[in-house]
Each structure stands twice: as structure tokens, then as C-alpha cells.
Amino acid sequence: MKQQSIFAVAISERQAVQIETRLTQAGFPNDNISALIPANGTDDSIGGVLGGAMDVLASIGALPIPGVGRLIAAGPLLATLTGIAATAAVGIGGALVCLGVPETAAKLYDNRISAGDILISVHAETAKQMEKAKEVLESANAEDISVALVATGLS
């Protein structure tokens, strides 16, 4: 099954928390919001401001990605990416392409995550929700915003 999702990059934990807060205030349920966060030596609880704010998301856990290392994944992308990461050494860019993210955007996100940035994704069920998510991301100064039809239910 495919769902329309919007992806963007936050350049700091503070910005990621701000985006997550604004999205939930705009009516997006926590189980429609995901984040991929470089572990950078943190433990599985993430710690600090980001952990406190992001662990309200649907799920949270460590995700080893070949060639990248350990990421903290929060939200519905955790289960989907876990299935992909367990079956192939594709790296984060390859995993995103497997989900349906265009290759150019996936490579960009791979580079941004490797540099320490945070990938945020939001599932939208309608065009109106997609526009609202884009407005929230733009107002929070998120970078590299793109839309993709993302495969779900992979294992």
C-alpha cells in the first residue's frame, strides 16, 4: 500500500521538536509523524529535549543502518525501515528509495542525516492535509521539503 508523505530536514533538535509540536497542534496524529535522528553517541532513550518531546510519537527505537551507523527512528517509519534494513545493506538512501522516495531526494536526505541533520516525515491522507503539513514545515524553516508516495507495510 502507498500513502502520500511529505519529507523535510530539521537542522537541530530544537527545530525538530518545534516541527513536531506544530504538526500535532495542526491536528496531525502522532502516528502520522516520523523522525530519523542520528544517534551521535546517545542511548536509546535519546536524552535531552529531543527525547522528551519526540517519544510521544507512535514508536521509538534504535535502527542500525549499514554505512551510516545507528539512527534513532520515531514514528511509523521505524517499522518500515527496520524491515528494509534487516534484509539488505542499502544504507538510508537506499532504504528511502525502497519506500518510494525519489532517488535524488533520498540521496540528499542520506547526506543530510549523515551530516547530523534530522529527517521528518508526515503522512497526509488528503490534499488539504498535505498542504497544511507543507505550510507547517515551511513556517518552521524546515529544509529540503519534498512529497513522495511511500510504501507501507513492508517487512
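Not one N or O on the side chain of E20 forms a donor-acceptor pair closer than 3.5 Å with the backbone of I33. Counting only distance, with no hydrogens or angles, the side chain of R22 and the backbone of S139 share a donor-acceptor pair below 3.5 Å.
Atom CD of E135 has more than 12 neighbouring heavy atoms from other residues, nucleotides or ligands inside a 6.0 Å radius.
Under the 4.5 Å side-chain criterion, counting only non-hydrogen atoms from C-beta, R112 is in contact with I11.
Taking both residues in full, the closest heavy atoms of A16 and I118 are given as CB-CD1, 3.9 Å, listed atom of the first, atom of the second, then distance. Shown here for V147 and Q4, the closest heavy-atom pair between the two residues is CG1-NE2, 3.5 Å. The shortest non-hydrogen separation linking A8 to Y109 is N-OH, 4.1 Å. Scanning all heavy atoms of the two residues, the minimum distance from E103 to V97 falls at CA-CG2, 3.8 Å. What you find for E125 and H123 is that their closest heavy atoms are CG-NE2, 3.1 Å. K132 and A26 get closest at one heavy-atom pair: CE-CB, 3.8 Å.
In the hydrophobic clustering of ILVMFWY residues, with side-chain heavy atoms under 4.5 Å counting as a link, I113 and L108 come out apart. Both L23 and I6 belong to a common hydrophobic cluster when Ile, Leu, Val, Met, Phe, Trp and Tyr are linked at side-chain heavy-atom distances under 4.5 angstrom.
To the nearest 0.5 Å, the span separating CG on N111 from CG on D144 amounts to 10.5 Å. Separation of atoms CG (N141) and CD (Q18) is listed at 7.5 Å; rounding is to 0.5 Å.
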